[in-house]
Amino acid sequence: MLDSKYFRSELAETAARLATRGLTLDVEKIAALESQRRELAVTTQDLQNLRNTKSKSIGQAKARGEDIAPLLAEVDGLGVQLEQAKTQLDAVLAELESIIQTIPNLPDLSVPVGPDETGNQVVRQVGEPKHFDFDVQDHVALGEALAGGLDFENAVKITGSRFVVMKGQIAKLHRALAQFMLDLHTEQHGYTEMYVPYLVNKESLFGTGQLPKFSADLFHTQPATEEGQGLSLIPTAEVPVTNLARDRIFDLAELPVKMVAHTPCFRSEAGSYGRDTRGLIRQHQFDKVELVQLVQPEQSMAALEELTGHAEKVLQLLGLPYRVMLLCTGDMGFGSAKTYDLEVWLPAQNTYREISSCSNMWDFQARRMQARYRPADGKKPELLHTLNGSGLAVGRTLVAVLENYQRADGSIEIPAVLQPYMGGKTELR
RNA sequence: GGAGAAGUGGCCGAGAGGCUGAAGGCGCACCCCUGCUAAGGGUGUAUACCUCAAAAGGGUAUCGAGGGUUCGAAUCCCUCCUUCUCCGCCA
């Protein structure tokens with residue numbers, strides 16, 4: 001959520017910056033609501049003040065044993081006036097809230113302006129796409145041919161489309177990838193491993209920005225038990241992990257907080273049917289290792305570079321060619337001020353595909369969550385900055401490993417860093 | 001799931017319709033005293049918003065959450081949430 005003070009005082013500037021994201025603000029309407037709010041707030045507070053003062057004098061008069069009837073007469077009607085003012089104020093506040101809650105974050109000034117993904121910039125390209133002297137197969141063909149592999153048919157039977165069953169050595173490779181990532185981030189990059197709930201409440205979804213606007217992208221439980229009522233499956237570990245900071249005030253010494261969690265992610269992807277229907281790329285359920293950092297504001301941009309580097313390290317160690325994209329204003333997510341996407345080379349698609357998205361959310365989520373830190377003893381708490389990034393999406397990493405490490409006979413070489421996690425095995429066949 | 005008890009500031013803990021944004025203690029910060037240390041004394045110590053050019057000052061809200069009663073609610077009533085104890089069930 002944007003800072004309402006800044007929002008109201010720099011309405012034109014805000015509107016201009018949001019326009020780069022393709023969003024048109026109804027500036028006049030907002031300004032009108034804002035001045036109404038101001039007026040009604042003052043009226044309400046004045047009435048409350050009057051009521052409090054009168055009530056106090058009634059109390060005092062009563063204590064002295066005086067007749068309070070005339071005082072009560074004075075107060076008569078005050079309650080009704082107050083209630084009216086308050087009702088009006090609440091209505092205006094609710095309208096303003098609903099507007100500001102659905103406004104995305106302001107892009108950082110270093111973000112290129114562009115309409116959609118065509119405006120993204122390649123920041124760097126690491127590793128060279130490997131040359132294959134045979135016809136490459138895609139991960140579906142490779143995975144289904146392996147003994148103990150990817151099984152899409154049975155997933156359809158037991159659940160539906162866009163789910164997968166993994167069996168045997170592929171299931172193990174999938175697990176190995178997640179273990180490898182977790183170990184790397186905890187042992188080399190200083191993150192604390194977290195195990196978190198996969199079902200979250202509305203407050204959490206509001207905190208990270210999924211609600212109220214993106215309810216349709218989520219799976220909501222239609223609960224069999226009362227306990228489950230109103231909970232939703234997490235679309236990313238970012239939700240539970242970042243919300244650990246909700247309603248908290250951190251000491252400066254505690255920052256930065258760096259957390260990593262491996263969780264399944266559930267997305268209904270309502271608008272995306274027809275895209276990537278084949279294979280593991282776009283699933284309703286997938287595993288992801290998520291990095292989250294809570295930092296003081298001055299350090300968030302440096303932290304974004306660091307966090308992106310941590311995600312890149314996974315690709316480097318796996319020997320997967322990739323490139324880093326700086327997303328333009330038109331392609332960024334709702335809460336992000338600046339986002340780098342990592343795109344891994346997929347030989348079968350002959351292109352780079354997103355495998356990680358690393359974002360600096362600035363104070364956008366922190367404001368929704370009231371996640372703060374105390375800059376110094378005795379100083380007022382300030383909003384901290386939150387960052388998150390995939391490190392990496394496990395399913396897509398599996399795709400990348402299968403496709404990039406395939407051999408002419410359909411067997412798969414296991415990258416060296418994964419072999420310890422595979423009981424020393426060097427290949428799948 | 002059944003039966004009880006409880007949720008107050010950074011923490012502990014009083015308060016049981018008005019004089020309570022909240023006694024007292026601990027902790028913390030600053031100051032004084034003490035040649036060090038220990039002990040002692042003093043002052044201060046929530047958050048958000050509004051008003052004000054800023055500061056000072058003033059105002060409003062907040063005692064788990066939301067409603068209600070009342071001129072007035074931390075205090076009374078209702079609903080919900082959470083925690084604890086005992087029983088049951090379970091991984």
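Convention: sequence-line order gives letters A, B, ...; per-chain numbering from 1. Nothing here was measured: the structure is a model prediction, and the numbers come from that model. Below, each value reflects all heavy atoms present in this structure, side chains not excepted, and no hydrogens, waters or symmetry copies.
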_Min side-chain heavy-atom separation Glu95(A)-Lys29(A) under 4.5 Å_ = yes
*Pairing pattern in dot-bracket form [Watson-Crick, G-U; both distances under 3.5 Å; | = partner strand] for RNA chain B*: ((((((((.[[[..)..(.....]]]((((((.......))))))((((((.....)))))).[[[[[..)....]]]]])))))))....
*Do the rings of Phe364(A) and Phe334(A) sit parallel, tilted or perpendicular, given the 30° and 60° boundaries?*
perpendicular
*Donor-acceptor pair between Tyr322(A) and Gln316(A) side chains, under 3.5 angstrom*: yes
*Between Gln48(A) (CD) and C49(B) (P), how many Å, whole number?*
17 Å
*Looking only at side chains, do Gln296(A) and Tyr373(A) share a donor and an acceptor under 3.5 Å apart?*
no
*Could you give the distance separating A73(B) and G21(B) at their P atoms, to the nearest angstrom?*
11 Å
*asked:* For Thr386(A) and Gln365(A), which I'm curious about, is there any donor-acceptor pair between the side chains at under 3.5 Å?
replied: yes
*Mind checking the P distance from A29(B) to U37(B)? Whole angstroms is fine.*
15 Å
*Under 4.0 Å: is that the gap between some side-chain N or O of Asn49(A) and OP1 or OP2 of U60(B)?*
yes
*Rounded off to whole Å, could you give me the NZ-to-P distance for the Lys54(A) and C19(B) pair?*
18 Å
*Please check the phosphate of C50(B) (OP1 and OP2 only) for any side-chain N or O of Arg8(A) closer than 4.0 Å.*
yes
*C1' atoms of C76(B) and U70(B), separation to the nearest Å*: 10 Å
*Write down the distance between NZ (Lys86(A)) and C1' (G67(B)), rounded to a whole number of angstrom.*
12 Å
*Ignoring hydrogens and angles, state whether a donor on the side chain of Ser204(A) or Asn201(A) is under 3.5 Å from an acceptor on the partner side chain.*
yes
*Figure out the CG/C1' separation between Asp247(A) and A46(B), and round it to whole Å.*
14 Å
*Determine the interatomic distance between P on C71(B) and the same-named atom on G64(B); round to the nearest Å.*
25 Å
*Between A61(B) atom P and Leu50(A) atom CG, what is the distance in whole Å?*
12 Å
*Describe, in one word, how the ring planes of Tyr191(A) and His189(A) are oriented to each other, choosing from parallel (under 30°), tilted (30 to 60°) and perpendicular (over 60°).*
perpendicular
*Comparing Ser55(A) and Asn52(A) on RNA chain B - which has the more 5′ nearest nucleotide*: Ser55(A)
*Touch check for Lys5(A), heavy atoms < 4.0 angstrom, all strands: base, sugar-phosphate only, or nothing?*
sugar-phosphate
*Write down the distance between CG (Leu40(A)) and P (U60(B)), rounded to a whole number of angstrom.*
18 Å
*Could you give the CZ-to-C1' distance, from Arg246(A) to U82(B), as a whole number of Å?*
14 Å
_Between C52(B) and G57(B), how many Å separate the two C1' atoms, rounded to a whole number?_
9 Å
*Is the base of G18(B) touched by the side chain of Lys62(A) through a donor-acceptor pair closer than 3.5 angstrom?*
yes
*When you compare G18(B) with A23(B), how far apart are their P atoms, in angstrom units rounded to a whole number?*
16 Å
_When the C1' atoms of G13(B) and A74(B) are compared, how many Å lie between them, rounded to an integer?_
14 Å
*asked:* Measuring from the side chain of Gln45(A) (C-beta onward, heavy atoms only), which nucleotide among A61(B), G59(B), C71(B) has the closest atom?
replied: G59(B)
*Considering only atom C1', compute the distance from U79(B) to G10(B) and round it to an integer number of Å.*
31 Å
*Would you classify Arg248(A) as touching base, sugar-phosphate or nothing, given that sugar-phosphate means primed atoms plus P, OP1 and OP2, and contacts are heavy atoms under 4.0 Å?*
nothing
_Please tell me if Arg38(A) has a side-chain N or O lying less than 4.0 Å from either OP1 or OP2 of U51(B)._
yes
*Which atom of Arg21(A) lies closest to which atom of Pro107(A), heavy atoms considered*: CG-CG, 3.6 Å
_Distance check needed: G67(B) P versus Glu83(A) CD, whole Å only._
12 Å
*Would you say C49(B) has OP1 or OP2 under 4.0 Å from some side-chain N or O of Arg37(A)?*
no
*Does A29(B) have OP1 or OP2 sitting under 4.0 Å from an N or O in the side chain of Arg374(A)?*
no
*For Asp76(A), answer base if it contacts any base atom (sugar-phosphate contacts may also be present), sugar-phosphate if it contacts only those atoms, and nothing otherwise; contact means non-hydrogen atoms under 4.0 Å.*
nothing
*Are Phe266(A) and Tyr198(A) close enough that their ring centres sit under 6.0 Å apart?*
no
